[in-house]
Amino acid sequence: MKSNKLKKDGCNNFLFFAIILIFVSQNSCSTTGSRTTVAPENRIPVIIDKPQEGKWESKNVVLEYEFVKEDGTIGLFIDGSTKRRLDQVVLWVSFLDKDGRLLQRETVFNTGFRNQRTKARRMEGTIERAFEVPPGTHYLAFQTLENPYRGRAQ
């Protein structure tokens, strides 16, 4: 009887420490921090209280954006489209320091992944989002995840 209780307590202790270990390792391997740097040609300067606009393109996504930084927040307006159908599109905006190092990354748009019952997706239309700006932000950068269309769903 005691051996079953010891086995149960041992399993509970193991699970407890395993969960803590997983949590610590995920936080220490975070993508934010001083290790990730964005190339100068991909940085968009942030000027306080002045609306800024431009165009950004990846392999399959085209964005016309406008943003303004006021009182610690950025209002971001994007007119986006895809060049072809995709199974998934995720768009992030990265906040960078003066050296182009990643301070924080936020999801702007996510279609979700196409399953058997949905059609391949296109990113079309206007997206309006507001984000808190991390202290020390000098640049923005866009990044996408684009999963190509793999044919008709069954």
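In this chain, residues are counted from 1 in sequence order.
- Interatomic distance, CG of Asn60 versus CZ of Arg85, reported as 13.0 Å (0.5 Å rounding).
- Side-chain contact between Val61 and Leu91: absent, with no pair of heavy atoms (C-beta onward) separated by less than 4.5 Å.
- Using cut-offs of 30° and 60° on the angle between ring planes, the pair Phe95 and Phe131 is perpendicular.
- In this structure, CD on Glu64 lies 10.0 Å from OG1 on Thr126, to the nearest 0.5 angstrom.
- Separation of atoms CG (Leu103) and CG (Leu96) is listed at 7.0 Å; rounding is to 0.5 Å.
- Taking CZ of Arg105 as the start and CD of Gln143 as the end, the distance is 5.0 Å to the nearest 0.5 Å.
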Which atom pairs, one a donor and one an acceptor, fall under 3.5 Å between side chains of residues 38-55 and the rest of the protein, sequence neighbours left out?
from: Arg43; atom 1: NE; to: Val38; atom 2: O; distance (Å): 2.8
from: Arg43; atom 1: NH2; to: Val38; atom 2: O; distance (Å): 2.8
from: Arg43; atom 1: NH2; to: Asp99; atom 2: O; distance (Å): 3.2
from: Gln52; atom 1: OE1; to: Ile47; atom 2: N; distance (Å): 2.9
from: Gln52; atom 1: NE2; to: Pro45; atom 2: O; distance (Å): 2.5

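- Put simply, the side chain of Phe142 reaches to within 4.5 Å of the side chain of Leu76, judged on heavy atoms.
- Side-chain atoms of Val93 and Ile74, non-hydrogen and from C-beta on, never get closer than 4.5 Å to each other.
- Here the NE2 atom belonging to His138 is positioned 7.0 Å from the CG atom belonging to Asp97, to the nearest 0.5 angstrom.
- The closest side-chain heavy-atom distance from Gln104 to Val133 is not below 4.5 Å.
- For residues 126-144, no pair satisfies salt bridge (Lys or Arg N to Asp or Glu O under 4.0 Å), with sequence neighbours left out.
- Grouped by direct or indirect side-chain proximity (heavy atoms under 4.5 Å, Ile/Leu/Val/Met/Phe/Trp/Tyr only), Trp92 sits with Val90, Leu145.
- Put simply, CG on Leu102 and OG1 on Thr37 are 8.5 Å apart, with the number rounded to the nearest 0.5 Å.
- Hydrophobic clustering (ILVMFWY, side-chain heavy atoms < 4.5 Å, transitive): Ile127 and Leu86 are in one cluster.
- Without hydrogens or angle criteria, Thr82 side chain to Arg84 main chain gives a donor-acceptor distance under 3.5 Å.
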